[in-house]
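Accompanying notes for the structure given below.
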Amino acid sequence: MSVPTIREVRAFVVRGGGGDYHDQQGSHWIDDHIATPMSKYPNYRQSRRTFGINVLGTLVVEVEASDGTVGFAVTTGGEPAAWIVEKHLARFIEGAKITDIELMWDQMYRSTLYYGRKGLVVNTISGVDLALWDLLAKWRKEPVYNLLGGAVRDELQFYATGARPDLAKEMGFIGGKMALHHGPAEGEEGLRKNLDILNDMRNKVGKDFWLMQDCWMALDVEYATRFSNIAWNEMGLKWTEEALPPDDYWGYAQLKKNAPKGHLITTGEHEATRWGFKMLLDMECCDIIQPDVGWCGGITELIKITALADAAGVLVVPHGSSVYSYHFVITRHNSPFAEFLMMHPVPDQVVPMFTPLLLDEPVPVNGRLKLDDKPGFGVRLNPECKLSRPYTH
Ligand SMILES: [Mg+2]
C-alpha cells in the first residue's frame, strides 16, 4: 500500500476569539476569584482574565495529505503558535509520509530546543502531533484509540471539575473537583474560607463521594501542607491538585512527604515532555500525574510519559482536553478514569467542552462514555466558526 505524504500544514486562529475555555464572559465559575500564582497581587485576584489567562486564544492545525485526507486538532496557543507552525515546524511536516509521526515529532522537538523545551513551543508541537494522529487514523479509517493498541475497557468513567460537585453527583459522576478560591496572601481568613467551602460541599455530597481540590499553582509548601492535612482529616478530601508552581519539584517532593497517608498529591497539568515528568516521578512528587495532551507534547509524547508513570506505579489522569485525552485514556491500564471539565457557567448540565468550535463532540451520560468508531478523533470543525490564517509560508 502506498502511503500518502503531507501536502500542506495550515495553522489557524479563531477570528474574534472563542474556542478557549478560559475565554468565558460574565459570571462563570471558571473565573470567579480562583486562587492563582498572581493572587498575591490584589489587582489580579478577582479574575484570571485580568492577568491574561485568555490572551493566547485557540490554535487549529490542519494537515492535508497528498490523497486529500485532512486531519486537524485544536489546542491553545493562538497567533504565536500559528507563527511557530507556519514559519518553523512546517518544514518537518510537509513532504513527510503520514505514517512517520515519531520522526516528525523528534525533528520538531530537537529543532526548537534552543527556544523551546516546554510551554508555548511544546504546546504548539502538541497541536501538530494531534493533527497528525487524526490524519493517520482518518486515512486508515479507524479511531485513534485503535492505533494506540486498542481500548482496554468498554467505557470511560469521569469525575467532574466545576463549582458544584453536589450537582455532579446527581449527574452520575464518580467525583467532583473544585477550584480553590483563596491563596496564601489572604491569610488565615482565606484558609478558613477555603475550608468552609469544602466542608459545606462535603455536607451536601455525603461522606463517600470523591471530593478534590484544584489549587492551580497558587500555594506554597507550608500552606498546602496545612490545607491538605485539615482537609483530609476533617472533610475527607481525596486529592490536592497542582498546589505549587510547576518548577518547584523540591516543594512537591516535600509536600508529598508532609501530606497525610491516604490523601493524594497530584500535579503535571503544566508540565511537559518525558523529561519533565521524569523529574516528577524520580523525585516522588505526586501520586497521580495529570498531563494535558494538548500541551505536554501530544499523544506521541504522552505514550512515553505514561510508560514511565506505569513503571513508577503512578496513575495518569490527563487534564481535560476532551476527545484528545479520551482516545488515550481508554487504551491505558494506569488511566482508570478521566476528567470532564464542566463548561456550563453554573454548572448544572453537561455541555461539550469545545463548543462551538467542534461538532460531534461526545459527552458523558451518567458520568460514563462509550467511544464510537468514527475515524480519527471523531470530531469535525464547525464551519460556522470563522477561522483565520494569520501567517503563511
Ligand atoms: Mg487542574
Side-chain angles (χ1 to χ4, degrees), residues 4 6 9-12 14 19-21 58-65 68-77 81 85 93 98-99 101 104-105 123-156 158 291-303 306 316-332 335 338-341 343 351-364 368-383 385 387:
I6 296 171
V9 55
R10 301 179 282 267
F12 300 94
V14 183
D20 179 351
Y21 66 86
T58 299
L59 171 72
V60 179
V61 178
E62 266 185 359
V63 279
E64 183 178 329
T69 309
V70 176
F72 83 94
V74 174
T75 183
T76 45
V85 173
I93 308 302
I98 67 166
T99 44
I101 298 177
M104 287 183 266
W105 197 98
N123 171 171
T124 306
I125 291 172
S126 307
V128 177
D129 182 76
L130 294 173
L132 291 171
W133 280 98
D134 190 53
L135 173 64
L136 179 60
K138 279 176 174 158
W139 177 67
R140 294 175 60 112
K141 300 184 171 54
E142 289 191 76
V144 169
Y145 63 79
N146 271 1
L147 274 53
L148 303 176
V152 297
R153 58 186 76 85
D154 293 339
E155 58 182 10
L156 295 163
F158 291 88
D292 186 303
V293 66
W295 301 339
C296 73
I299 277 187
T300 305
E301 195 63 4
L302 190 52
I303 292 168
T306 302
V316 181
V317 181
H319 171 242
S321 62
S322 185
V323 289
Y324 301 111
S325 62
Y326 304 164
H327 278 253
F328 190 80
V329 168
I330 197 95
T331 68
R332 299 295 126 164
S335 300
E339 175 178 21
F340 187 76
L341 192 55
M343 287 311 304
V351 295
M353 237 190 90
F354 283 105
T355 297
L357 193 52
L358 295 186
L359 299 176
D360 304 336
E361 186 184 348
V363 293
R368 290 162 183 275
L369 176 65
K370 282 192 192 333
L371 292 182
D372 61 32
D373 57 2
K374 285 203 211 89
F377 288 104
V379 287
R380 293 178 293 138
L381 278 171
N382 184 350
C385 289
L387 301 183

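No hydrogens, no waters, no symmetry mates; every other heavy atom, side chains included, goes into these values. Residue numbers count from 1 along this sequence.
Within 6.0 Å of CG on Asp154 lie no more than 12 heavy atoms contributed by other residues, nucleotides or ligands.
Between the CG atom in Leu156 and the CD1 atom in Ile330 there is a gap of 4.0 Å [rounded to 0.5 Å]. To the nearest 0.5 Å, atom CG of residue Leu59 and atom OG1 of residue Thr76 are 8.0 Å apart. The distance from the CH2 atom of Trp139 to the OG1 atom of Thr69 is 9.0 Å, given to the nearest 0.5 Å. One finds the CG atom of Leu135 at 12.5 Å from the CG atom of Leu130 (value rounded to the nearest 0.5 Å). Note: Glu155 CD to Leu371 CG = 10.0 Å, rounded to the nearest 0.5 Å.
For the pair Gly297 and Ser126, the tightest heavy-atom approach, listed with the atom from each and the gap, is N-OG, 2.8 Å. Shown here for Leu147 and Trp133, the closest heavy-atom pair between the two residues is CB-CZ3, 3.9 Å. Among all heavy-atom pairs drawn from Ala137 and Pro375, the shortest one is O-CB, 4.2 Å. Considering all non-hydrogen atoms of both residues, Lys138 and Phe72 come closest at NZ-CD2, 3.9 Å. Listed here is the closest heavy atom pair of Ser335 and Val329: O-CG1, 3.5 Å. In plain terms, the two heavy atoms of Pro356 and Asn382 that are nearest each other are O-ND2, 2.9 Å.
In this structure, Asp360 contributes its side chain and Arg380 its backbone to no donor-acceptor pair below 3.5 Å. Under the 3.5 Å distance criterion, the side-chain polar atoms of Asp129 are matched with a main-chain donor or acceptor of Ile299. Proximity of a side-chain donor or acceptor of Asp134 to a complementary backbone N or O of Gly376 within less than 3.5 Å is not detected. The backbone N or O of Ile303 sits nowhere less than 3.5 Å from a side-chain atom of Arg332 that would complete a donor-acceptor pair. Glu339 places a side-chain N or O within donor-acceptor distance of the main-chain N or O of Gly320, the cut-off being under 3.5 Å. With hydrogens and angles ignored, the 3.5 Å screen pairs no side-chain donor or acceptor of Asn123 with any backbone N or O of Thr75. Side chain of Glu361 to backbone of Met353: a donor-acceptor contact under 3.5 angstrom is found.
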Could you check Tyr326 against Leu369 for side chain to side chain contact (heavy atoms under 4.5 Å, CB included), going step by step and ending with a plain yes or no? CA-CA 9 Å; Tyr326 304 164; Leu369 176 65; 3.8 Å; yes

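Using the six-membered ring where Trp is involved, Tyr145 and His327 have ring planes that are tilted, between 30° and 60° apart.
Under a cutoff of 6.0 Å and an axis angle of 45°, Arg10 and Phe12 do not form a cation-pi pair.
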